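The chains referred to below are lettered A, B, ... by the order of the sequence lines, with proteins before strands, and numbering in each begins at 1. Only heavy atoms go into these numbers, but all of them, side chains included; no hydrogens, no water, no symmetry mates. Computed from a predicted model, the values in this text were never measured in an experiment.
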Amino acid sequence: EADIYQTPRYLVIGTGKKITLECSQTMGHDKMYWYQQDPGMELHLIHYSYGVNSTEKGDLSSESTVSRIRTEHFPLTLESARPSHTSQYLCASSEGGQKNTEAFFGQGTRLTVV
Amino acid sequence: GDSVTQMEGPVTLSEEAFLTINCTYTATGYPSLFWYVQYPGEGLQLLLKATKADDKGSNKGFEATYRKETTSFHLEKGSVQVSDSAVYFCALSDRTNAGKSTFGDGTTLTVKP
């Protein structure tokens, strides 16, 4: 069983609020990722990190920001939530280096902005 | 860049039917290939993987063979069950892309009793 956790599982919040989605893993993985999953189930990479103090934007432009101060923690923040941010957000991690290893996923956070 | 193309869904089958979900890929290096499954309300979990050409990954009755000559990794199962209803994602991880994963668009499978 994967040791990667996301909180909250579900969040309903008003427009303009600041929110932080939490993601933590206990596997010591260097690489971590945030994906946005649309209703058609496609995954869109919005942020990734290859280690502490390393963050990069993904393939899909996002108004969110991330930080990686500790190996195990990779929170995602929206400074001002909008209805267009309503989506499922999935966090994942994988081993570091040049290894082609599988990704481990959290259970996701379903965000609804009203 | 890397890409993964999956058979479009949704796919609806009767219980005990044979399943094939096609997947082809493009990669600059020598990728590892994966199939992930996502059950309703959950994150993705690894179903099977293959790390080099001609490897066969298998798990829970599902199989896929890494075909370098056709750049394919098709998922098969001989007899599906209602409990196999889920979304299936083909993916690759490429060392030349720092091991970053590339996912297909997902195929929704519904198995009816």
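- In summary, the side chains of A:E72 and A:Q25 do not present any donor paired with an acceptor at a separation below 3.5 Å, with no hydrogens or angles considered.
- In this structure, B:Y36 has its ring center under 6.0 Å from that of B:F103.
- Side-chain contact annotation: A:S94 with A:Y33, donor-acceptor N/O pair under 3.5 Å present.
- Of all residues spanning residues 44-56 of chain A, those with a heavy atom less than 4.5 Å away from chain B's heavy atoms are A:L45, A:Y48, A:Y50, arranged by number.
- Side-chain contact annotation: A:T101 with A:E95, donor-acceptor N/O pair under 3.5 Å absent.
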**OP:** Decide side-chain contact (heavy atoms from CB on, under 4.5 Å) for B:L44 and A:L90; before the verdict, give the C-alpha distance in whole Å, the side-chain angles of both, and the deciding distance to 0.1 Å.
**Re:** CA-CA 9 Å; B:L44 280 69; A:L90 293 171; 3.7 Å; yes
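- Only the side chain of A:Q37 comes within less than 4.5 Å of a heavy atom in chain B; its backbone stays farther off.
- The two residues A:C23 and A:W34 come nearest to each other via the heavy atoms CB-CZ2, 3.6 Å.
- Residue B:L46 touches chain A through its side chain alone, counting heavy-atom pairs closer than 4.5 Å.
- When heavy atoms are compared at a cutoff of 4.5 Å, B:E42 approaches chain A by way of both its backbone and its side chain.
- Of the residues considered (A:C91, A:A92, A:G108, A:A103), A:A103 shows the highest number of contacts with chain B, using heavy-atom pairs under 4.5 Å.
- A:R9 touches chain B through its side chain: at least one heavy atom from C-beta onward sits under 4.5 Å away, while N, CA, C and O do not.
- Within residues 73-90 of chain B, the residues that have a heavy atom under 4.5 Å from a heavy atom of chain A are B:V87, B:F89, listed by number.
- No side-chain heavy atom of B:W35 sits under 4.5 Å from any side-chain heavy atom of B:K49.
- Contact check for B:V11 versus B:T107: side-chain heavy atoms found under the 4.5 Å cut-off.
- Of the residues listed (A:V12, A:T86, A:I19), the one engaging A:L111 in a side chain to side chain contact (heavy atoms under 4.5 Å, CB included) is A:I19, and it is the only one.
- Side-chain heavy atoms closer than 4.5 Å link hydrophobic residues (I, L, V, M, F, W, Y) into clusters, and following such links, even through other members, never connects A:I4 to B:Y39.
- Following chains of ILVMFWY side-chain contacts shorter than 4.5 Å, one can reach B:M7 starting from B:V111, so the two form part of one hydrophobic cluster.
- Looking at B:D105, B:T102, B:T26 one by one, the single match for side chain to side chain contact (heavy atoms under 4.5 Å, CB included) with B:V4 turns out to be B:T102.
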